[in-house]
Amino acid sequence: MAADPSASWIELTGFKLDCLVGIQETEQKLVQPLEVDLRLQLPLDGAARTGDLRQSVNYAAVSCRVAFVAQHGQWGLLESLAGALCTVLLLERGCYRAEVVVRKPAALKDLATPAVKIARCRPNKEVGISGVADDSDVVEEVRSVSPGVSLDVLAETPSGAVYRLRLAPGARWSLPTEVAAQVIGGRVLSREPIDGDGDDDVESATTQISPGGVLPRGANAVLHAPGASGATLLLVGQQKLGASGVGGGASTAALIALGSNVGDRSANICAALDLMRKRCGEVIAVSQLYVTAPQHVEDQPDFFNAACELRTILPPALLLRELKAIERELGRATPKNGERWGPRAIDLDIALYGSQEVDEMTLEGDLVIPHRLMRQRTFVLAPLCDIAPTTRHPTTGRTLKSEFVVLCANEAANGPKATVDARLPQRVFPVRPNLFWPLGRRTYVMGVLNLTPDSFSDGGRGLDTNVEEAVVAAGRMVRAGVDVLDLGAESTRPGAERVTEHEEMQRLIPVITAIRGASGDAAEWGKSVVISVDTTRASVADAAITAGADLINDISGGTFDDTMIDTAARLKVPIILMHTRGSPATMRSLAMYEGDEVCGVVCDELFACVANAHTSGLPPWRLVADPGLGFAKTPEQSLRLLQELPRFVSRLVRAPHAIGGSGGGGGGCCASLVGASRKGFVGQVLQQPNPLERQWGNAATVCAAVIGGADIVRVHEVDEMRQVALMSDAIHRGYFVGGSGGPTAPS
């Protein structure tokens, strides 16, 4: 080919990049440093003659694209990487020849070629010189994915692939989780997929990505090209994309341990889970939340610990890199003076990666899988047993549950029971950022405060219109030892008709505001008492939380208002999900259960609500399950649910670990609640039509709830039922405050 007098060579040398490259297993797990030199031959006279810089080379854009392709793929050979980079360079306007040199300055001994040089040119030089956007001689294949969406194959190898995605104006496309994307032309709007989404709300629900912007693997994004000229993106993955735009590569189940002891600990862990969903893959299971005393460095706050199962296509080294980036983004400081075990906002460790054993040095430090210390840490094994009890440790061959039992037995052999119990993980319910409830030992009392004129047992007291009297009533409950006030402004008695949203707000919000802003004797408890809002409307819940409430109690399980679950997730507050059918006006006619299998059907139907909450991003520790006694149940069915409460708790919360701590399990909720106080089935058993005269029956239901494993009881007579719960806890759970002033388990 004759030299073109108008063409010039542009050189960009000495790029330093970190990549996964190599065909050996060791290389495929280790991020390695590379040096890259680039040369492009293209005409520059157009920019010189016209002064139009768009006809020149944007060095920053070229560098950004090269780094994106190299660092987001996994390349079996240096030749494959160099060839892919050559093809990307040939896409530059007017470029008709490209040369790439890739070197491994610290090549793994006996495993890698130290350097490779690849040169490529267009078969038709004139196409490149003219700058016409015709890349048919560069693109290996064009795949039509969907109307307005096409995929240009730039390079496909067994371990890495590069594509150019072209979106026509107005076209949309769901980005596969196994690829990363970089915008190289036009304007792209990215949003998380929303079912039933229409065109009208795209602008308000999306994030604009400009040229050079990157969406990492696992972003779960829907791309939209709103401009008149469409948009163009580079896609890089570790597997091939078919005609549908979806790859066929297998994912791996990784078990990730999470911890935090700085700031809002539960919120930190939730934020890490959200970022893992966006960057690392699909979070398919989340454990309960535990509190654990610090180890190694004991002079620091207690830790919250959890675990999750992550389905990911990222190899271990890249997964570690993403997890460390998440730690830094959430505020984890770099350890000083080599102190690894100090306070930290978030700690993310790969405990297991499938059945693989890994021992490598990466840019983020040593990567050892299975985690070196997991078998010595109850705070890691306890949450792992929630989500993967039968998974086997690759080294020992024992299940994680067996490892946990062995470790707890060893702990028990090394000290008094009280000391050992203090070291074991304790399942918790984080009620708000500065307050959590340990679960499994004592029963918490929720006091009912109805702000209605027509509730079945205590309506008509004027609390719906007299804010001052409502605050006084709340104060009586607080002095009686209530753990949480449950404020409701709409009657849910059988046959009740709905009130308007405005009326519910008018009754409820002023009382919450008055409690939080109380003065005098009420000032201290008014700010500290936990408040639950009993409502089925998302708008009311939102206003109540804004006014000062801490959690939501929805007797419909989130089914009356399909935005309730998303509202709780957005507000980052706990929500109680109760089982019911129909509405208060119709539920009596719906108390029919297939095969008379009440408990099983209730569990199935409520678990569907729980699964919906998980999909919205609510972790188990923000969910409480309530079987809904008296709601779409006959008296006999409510009594049977109380009899079978252990089964309900086992299904929705899961049974405690057999040894050590107060483990939860893989059930969808962290706690269970029973509300039988003054209900009709209690009156029928006692033959007592007056709800105010059912105290002894209420006491019996509290005993049954404690025996059955409930964590919270919802009552009207706080003083009396609190005493019943205390005695029941002492008898059935071995928990009481001894004479020495601490929780004591009788020998």
Among I576, I565, V610, exactly one meets side-chain contact (heavy atoms from CB on, under 4.5 Å) together with L623. Which residue is that? V610
Which of E720, E717, M721 passes side-chain contact (heavy atoms from CB on, under 4.5 Å) with V702? It is M721
Is the closest side-chain heavy-atom distance between [X] and [Y] below 4.5 Å?
X    : Y    : value
L424 : C408 : yes
C270 : K572 : no
V674 : T701 : no
V682 : Q688 : no
Q637 : F681 : no
M727 : I731 : yes
V715 : V724 : no

Quick one: does any side-chain atom of [X] pair with a main-chain N or O of [Y] as donor and acceptor, under 3.5 Å?
X    : Y    : result
D554 : I575 : no
S638 : G630 : yes
R427 : C670 : yes
T546 : D542 : yes
D264 : P433 : no
S260 : I269 : no
D711 : S672 : yes
N690 : L692 : yes
D561 : A538 : yes
E644 : R647 : no

Any Lys/Arg nitrogen of [X] or [Y] sitting under 4.0 Å from an Asp/Glu carboxylate oxygen of the other?
X    : Y    : value
R265 : D302 : no
R442 : D729 : no
E503 : R507 : yes
E469 : R476 : yes
R714 : D534 : yes
R640 : D596 : yes
D550 : R516 : yes

Is the CD atom of E524 crowded by more than 12 outside heavy atoms at less than 6.0 Å? no
Enclosure of N434 CG (heavy-atom neighbours >12, cutoff 6.0 Å):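 Enclosed.
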Can you sort out the partners of E501 under side-chain hydrogen bond (donor to acceptor under 3.5 Å, both in side chains), two or more places apart, ordered by chain and number?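 side-chain hydrogen bond (donor to acceptor under 3.5 Å, both in side chains) list for E501, sorted by chain: S539.
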Between [atom1] on residue [X] and [atom2] on residue [Y], distance to nearest 0.5 Å:
X    : Y    : atom1 : atom2 : result
K679 : F631 : NZ    : CZ    : 4.5 Å
L618 : C669 : CG    : SG    : 10.0 Å
W621 : Y290 : CH2   : OH    : 11.0 Å
Q643 : I707 : CD    : CD1   : 12.0 Å

Using every non-hydrogen atom in the two residues, find where [X] and [Y] come nearest and quote the distance to one decimal.
X    : Y    : value
V718 : A480 : CG1-CB, 3.8 Å
T536 : E490 : OG1-OE1, 4.4 Å
I552 : A568 : CD1-CB, 4.1 Å

Indicate whether the side chain of S532 and that of N553 have a donor and an acceptor atom separated by less than 3.5 Å.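 Side chains of S532 and N553: no pair found under 3.5 Å.
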Under the ring-ring contact (aromatic ring centres under 6.0 Å, His included) rule, collect the residues that match up with Y444, sequence neighbours excluded.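 For Y444 the ring-ring contact (aromatic ring centres under 6.0 Å, His included) partners, ignoring immediate neighbours, are W437.
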Using the side chain to side chain donor-acceptor pair (under 3.5 Å) rule, collect all pairs that involve residues 580-591, keeping only residues at least two apart or in two chains.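 Those involving residues 580-591 are R581-E605, S583-T586.
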Intermediate values then yes/no, salt bridge (charged side-chain N to carboxylate O under 4.0 Å, His left out), D483 and R722: CA-CA 9 Å; D483 293 297; R722 175 177 170 273; over 6 Å; no
